[in-house]
Amino acid sequence: MRALIKDGTVVTASDTFAADVWIENGKIAALAAPGTQIGNADTTIDAKGKYVIPGGIDCHTHMDLPFGGTTSSDDFDTGTVAAAHGGTTTIVDFAIQQKGGAMRAGLDTWFAKAEGKAAIDYGFHMIMTEANPAALEEMAAMVREGVTSFKMFMAYPGVFLVDDQQIFRAMLRAGELGALITMHAEIGLPIDVLVQKALAAGHTAPVYHALTRPEAAESTGTERALALAEMAKVPVYMVHLSAQRALERVMEARDRGLPAYAETCPQYLFCTEDDLRGEPGGPDGEWKGAGYVCTPPLRPRHHHDHLWRGLRNYDLQVVATDHCPFCMKDQKELGRSDFSKIPNGMPGVETRLHLLWEGVREGKISMNRFVEITSTAPAKIFGMYGRKGTLAVGADADVVVWDPNREKVLSRETLHMRVDYSPFEGKRVIGAPAAVLSRGELIVADDKWVGAKKQGRGQFVRRGTFSL
Ligand SMILES: [Zn+2]
């Protein structure tokens, strides 16, 4: 099985050049001068006038996640199919160690959710809800399984929150194992007090989700996580960084030479706190803001410029989505009379590249940086580089033919995520995948699934240890 993507412009994190991409047995076999004849291709894709880029890697998704009394509305079937339509060919989702349980049981639960369902390749991080001696020991077994990153929370007391000593012990252990600790760095204990006070004062609307989770809670948590990592002498990765001051803490750490990394998400670059206010006077009123409840919350608009600057200047390394959709009907509605009961999360796995390309069009980031933050950097940070994250001989042929002129209107009608609204309803974007290949197989063409198989074609990605 040999495929040829011809006459396109290859864009990697470092280079832009005209080349034909030859694919054999699911791997990239050659990048050749246009027109070079290497053999006969079974499939030829014309990429004239288009960019040929590595498939997107979304290293922060929550498919089929039980949370807030319900379950995220995309499972590994619908969520990965949606991802592929948007040009993402690998996700890294989160398995959960239940309190009092083994990580192995959590991993098996998530394997069962993904196997036979995922349409694209997938890996797992492990959420650690306690770092007791057994758990610290078990981290080694997870690393051997290719689960080489662990997520810990300073937020959600009673659910996910772990104290500083546990975080510190897990960091030391990660250092021994070559694993990476990723942090949700909002400090949840005072946030819960603000939430209680707001509710006691009768403030129940969605916007209070943002007003009770101020920027200070994220920036101080970020500083604390960075200090713990510095003391443990290990790298650390901040998930879903949303705010200027949290970014400044990461910048300071990086300026001191520390291996501090951070991701942000499209919602923090394109949505604002005002979205949480809904449409007072409109048909859905304030309630419309529930569709924008995610954590950390959306921030006032001036944060956008800081985050874009962080992406441009390498202070932020990755844009992932934190895809965690809940339908307005029956799910977000759980918080109709109490904002704290609105399930936290927004849909996003399908729209990441569409939205970020706007940053390329507006000159905020280069095409090469676009490829780096959406594919190459997550591959490197999370132990997949070489196999995923670039276009090079021997790499998996996860390839997107990106048409910079293709227009799309983002809408629940035009997108594939299993959720009954779009936070970007009606937004017109220019730039979209014309073709998406996963391990050499054309799976999406002209916004239609064309792969032979869908459910279950995705494979688990055993990731390597941290090596940056
Ligand atoms: Zn998340």
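Below, each value reflects all heavy atoms present in this structure, side chains not excepted, and no hydrogens, waters or symmetry copies. Numbering of ligands and ligand atoms starts at 1, following listing order.
With 2.8 Å as the limit, H60 counts as an N, O or S neighbour of the Zn ion (ligand 1). Within the coordination shell of the Zn ion (ligand 1), defined by N, O or S atoms under 2.8 Å, H62 is present.
The aromatic ring centroids of Y51 and F370 lie 6.0 Å or more from each other. Residues H304 and Y268 place their aromatic rings such that the two centres sit no closer than 6.0 Å.
Look at D396 and R387 and you find a salt bridge, because one of the NZ, NE, NH1 or NH2 atoms lies within 4.0 Å of a carboxylate O, short of that distance.
If you look at D322 and ask which of its N, O or S atoms sits nearest the Zn ion (ligand 1), the answer is OD1.
Annotation: side chain of I443 is in contact with side chain of W449 (closest heavy-atom distance under 4.5 Å).
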